[in-house]
Amino acid sequence: MKIIAGNWKMNGTRADLDTMIGAISKVKTENRVILCVPFTLLRAGVENVAIGAQDISAHAKGAYTGEVSGAMLREAGAKYVIVGHSERRMYHDETNDIVRQKVQMALESGLTPIVCVGETMEEKRAGKTFDVIESMVRESLPTDVHDDIIIAYEPRWAIGAGITPTTQEIADAHKVIADTLSYMGLDGTPILYGASVNPLNVGDIVAIRNVGGVLVGGASLKPQEFVTIIESAK
Ligand code: PEP
């Protein structure tokens, strides 16, 4: 069983979601399929696909204009939430500290957080990839987590770029993350690979050791491509 999660970012209409859910409902798969959609598309009662959000407030309620709490996400039908996506870290200055508070809030709200970590090209060139992802994992998770969480390794330089790291680079990064999680008492936590996954490369990627599935951006918006990814990930 692999986890296939889609990240729609700020894309999609209700009609698009209906079409995608219809396409996925025809697929026979043992994989767990998750679609993380904009807040306005959250819905309950969907079969075959778990619905997730793409962000959560670090606060439970109150004067935080524009934010959406964990309880609200749950009520709207979300079971998962992406936390600390590189676009949130980049455009909204989310630090590991903020990400950790959001992860805590997700867990307290009964949501499974999909926590994103990954190095920039600058950090990669400076040979800092392993240090960066190790500290991102350590600092982005509360110390006493025992609940379900999912980690997504998303090298920032490969997101939406149509390029992926080599098989060895993915294997090495996932090993660092798996070892860090093990040190934190979180053995068995699924680690997804994300960035430029497509129907042609997904089979090779999910065959890499310690890769528990994929987080898919652009290709998760195209029913035919996303369905092929779900079917090809074994
Ligand atoms: C993402 O941004 O989470 C992502 C995986 O994007 P893409 O697949 O488009 O690279």
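Computed from a prediction, not measured in an experiment: that's the story for all the values here. Note that ligands are numbered from 1 as they come in the structure, with each ligand's atoms numbered from 1 the same way.
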Contacting atoms of ligand 1, where contact means under 4.0 angstrom from a heavy atom of [X]:
X      : answer
Ser196 : 7 (P), 8 (O), 10 (O)
Leu215 : 5 (C)
Asn7   : 1 (C), 2 (O), 3 (O)

* Residue pair Tyr193 / Ala158: nearest heavy atoms and the distance that separates them ->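 Heavy atoms of Tyr193 and Ala158 come nearest at OH-CB, 4.3 Å.
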* To do: Check Leu215 against Leu192 and note the closest heavy-atom contact, atom names and distance.
  =>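 Scanning both residues completely, I find the closest heavy atoms to be N-CB, 4.2 Å.
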Give me the nearest non-hydrogen protein atom to [atom] as residue plus atom name, then the distance to 0.1 Å.
atom                    : answer
atom 5 (C) of ligand 1  : Glu154 OE2, 3.0 Å
atom 2 (O) of ligand 1  : Lys9 NZ, 2.5 Å
atom 10 (O) of ligand 1 : Gly160 N, 2.6 Å

* Does Arg138 use its side chain to pair, donor to acceptor, with the backbone of Met184 at less than 3.5 Å? ->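 Side chain of Arg138 to backbone of Met184, a donor-acceptor pair under 3.5 Å: no, none is there.
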* Mark yes or no for whether Asp179, through its side chain, and Val176, through its backbone, hold a donor-acceptor pair below 3.5 Å. =>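 No; zero donor-acceptor contacts below 3.5 Å.
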* To do: With heavy atoms under 4.0 Å as the rule, classify the contact between Ile159 and ligand 1 as side chain, backbone, both or neither.
  =>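 The answer is both.
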For the [atom1] atom on [X], are there more than 12 heavy atoms of other groups (residues, nucleotides or ligands in this structure) within a distance under 6.0 Å?
X      : atom1 : result
Lys175 : NZ    : no
Tyr183 : OH    : no
Glu108 : CD    : yes

* To do: Check each of Gly218, Cys116, Ala195, Ala158 against atom 9 (O) of ligand 1 and report the one with the nearest heavy atom.
  =>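 Looking at heavy atoms only, Gly218 sits closest to atom 9 (O) of ligand 1.
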* Asked: Can you find an N/O atom of Gly217 closer than 3.5 Å to an N/O atom of ligand 1?
  ->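 N/O-N/O distance under 3.5 Å: yes.
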